[in-house]
Amino acid sequence: MTIIQFPKDMKWGTATASYQIEGAAKEGGRGISIWDTFSKTPGKVVNGDNGDVACDSYHRYEEDVEMMKDLGIDVYRFSVAWPRIFPDGTGKVNQEGLDYYHRLVDKLLANGIEPMCTLYHWDLPQALQDKGGWNNRETIDAFVEYATLMFNEFSGKINKWLTLNEPWCISFLSNYIGVHAPGNQDLQLATQISHHLLVAHGKSVQKFRELNIDGEIGFAPNTTWLEPFSNRQEDIDACNREIGWYIEWFMDPVFKGTYPSFMVDWFKKKGVELVIEDGDMEIISQPVDFLGINYYTGHIARYKENEGLLDWELVEMNYDRTDIGWPIFPDGLYNVLTRIKESYGDVPIYITENGSCYNDEPENGRVHDTGRISYLEQHLTALSRAIASGVNIKGYITWSLMDNFEWAEGYTMRFGIVHVNYRTLERTKKDSFYWYKQTIANNWFES
Ligand SMILES: N=NNCCOCCOc1ccc(-c2cn(C[C@@H]3NC[C@@H](O)[C@H]3O)nn2)cc1
């Protein structure tokens, strides 16, 4: 047996997001989001599931914070529903919305848990989408207005802020691949949106500095890893294009002030013409205090001419898979983190999402999610290797505290360390909850 030990100042946490857990979609003055619209569009979400009730965390947040207290976490990463604050996206502020997040944050602080707030986790006010959404540069200004209000309202209570969650999902998954809201399938549109998102990120960081807000700010790109099937340059290049679509496309602008030329050239070949206004890249490359990294899975791949957007295909290597079908590929987490360190230096990193889908159900009041424990062991081992190789890891935040609305998969895919009965809303701590609790208490685990 091996002891996997973590640094003494390691922070441990859990993550959720507003649309996925809150419910109360028509309460407290909340406006409509693009996920309310998308989930109610036939065929978009499995079983026609939606976030009207979800985990009802809007009403049950006190119980949820008490579970976090029992878990012993240092930090809770949640997101704010923009439509609860600005029901029309901009203009009139909804005080009931602010009051809800004050109740949540106050409960966290009273229990010694640090709030980490994600400002945008995909639930754009529909009113803004009706005016072009992220393709309209006015949405950038609306985001800065929203961020400014939140910075001022919660200054002194919230000290860790994330501007955007998974800009690759917001832009490409939602506007090119089209499986997330608003469901467009247009590469030019998606690429331009990715740029507007980065400008919105940079402008809100600028505002954070101007307001002299006490705390730290970053953003949370999602990442993936493709291992080349051979050492042929065409296989290596193909894998670098997919990895670069998630990592360099979003991190080079923030940390280097430019888009990666190998990706710009590739997108240009696909007919994309990015419109960059004077000053955009200077705004985007505002220094951040930390980087959130989300990682779930990786693959083996090789070059295949004219295959998909980036000319690669999967090579099936019969890796174990979680219940959502994603290969279990912990070395990918190590590879992503060391690539980021090599490219961008000693930027402080929180793993802001890492977790697995296992759909185990309760048996006699227990949920024996052994697969999730194994996934955590493997990925925390990879994380400890990255720390040993010098990556500046400040904390690990697992996705997710509880089962919740998994976007296009609805409630069919469970990522929580706490089981949720969606009929009764009863919470049941899974075996992985108790494993994670012990790991947090020890700051080590036996593998
Ligand atoms: N690359 N080419 N793809 C081609 C075809 O893709 C089809 C589907 O793709 C994807 C890619 C990525 C995801 C995904 C989901 N989560 C989990 C959430 N993270 C934020 C939090 O809210 C969690 O719920 N993270 N990532 C889903 C679907």
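What's counted below: heavy atoms across the whole structure, side chains too, no hydrogens, waters or symmetry copies. Numbering of ligands and ligand atoms starts at 1, following listing order.
For atom 4 (C) of ligand 1, the closest non-hydrogen atom on the protein side is Ile177 CD1, 4.0 Å. Nearest non-hydrogen protein atom to atom 24 (O) of ligand 1 is Glu406 OE1, 2.7 Å. What sits closest to atom 26 (N) of ligand 1 on the protein, heavy atoms only, is Glu166 OE1, 3.9 Å. In this structure, the protein non-hydrogen atom closest to atom 22 (O) of ligand 1 is Gln20 OE1, 2.6 Å. From the protein, the heavy atom lying nearest to atom 9 (O) of ligand 1 is Leu173 CD1, 3.4 Å. Shortest contact from atom 20 (C) of ligand 1 to any protein heavy atom: Glu353 OE1, 3.0 Å. In this structure, the protein non-hydrogen atom closest to atom 15 (C) of ligand 1 is Trp326 CH2, 3.5 Å.
Within ligand 1, counting atoms from 1 as listed, the ones closer than 4.0 Å to a heavy atom of Trp399 are 21 (C), 22 (O), 23 (C), 24 (O). In the vicinity of Trp407, heavy-atom distances shorter than 4.0 Å reach the ligand 1 atoms 21 (C), 22 (O), 23 (C), 24 (O).
Residue pairs meeting the ring pair (Phe, Tyr, Trp, His ring centres under 6.0 Å) criterion with at least one partner in residues 52-75, sequence neighbours excluded, are Tyr58-Tyr100, Tyr61-Tyr100.
Between Trp249 and Tyr259, the ring-plane angle classifies as tilted under the 30° and 60° cut-offs. The aromatic rings of Trp122 and His180 are tilted relative to each other, their planes meeting at an angle between 30° and 60°. A perpendicular orientation is assigned to the rings of Trp35 and Phe38, their planes being inclined by more than 60° (bins at 30° and 60°).
Proximity of a side-chain donor or acceptor of His379 to a complementary backbone N or O of Tyr375 within less than 3.5 Å is detected. Of the possible donor and acceptor atoms, none in the side chain of Ser204 sits under 3.5 Å from a partner among the backbone N and O of Val144.
For Tyr246, the heavy-atom gap to ligand 1 drops under 4.0 angstrom. Assignment of Asn165 to the shell around ligand 1 is supported, since a heavy atom sits closer than 4.0 Å.
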_Tyr19 and Ser39: CA distance, side-chain angles, deciding distance, side chain to side chain donor-acceptor pair (under 3.5 Å) verdict_ = CA-CA 11 Å; Tyr19 190 78; Ser39 61; 3.1 Å; yes
*salt bridge (Lys or Arg N to Asp or Glu O under 4.0 Å) between Arg77 and Glu353: does it pass, once the steps are laid out?*
CA-CA 9 Å; Arg77 178 182 176 230; Glu353 282 182 36; 3.1 Å; yes
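Contact annotation: for Trp168 versus ligand 1, heavy atoms closer than 4.0 Å belong to the side chain alone.
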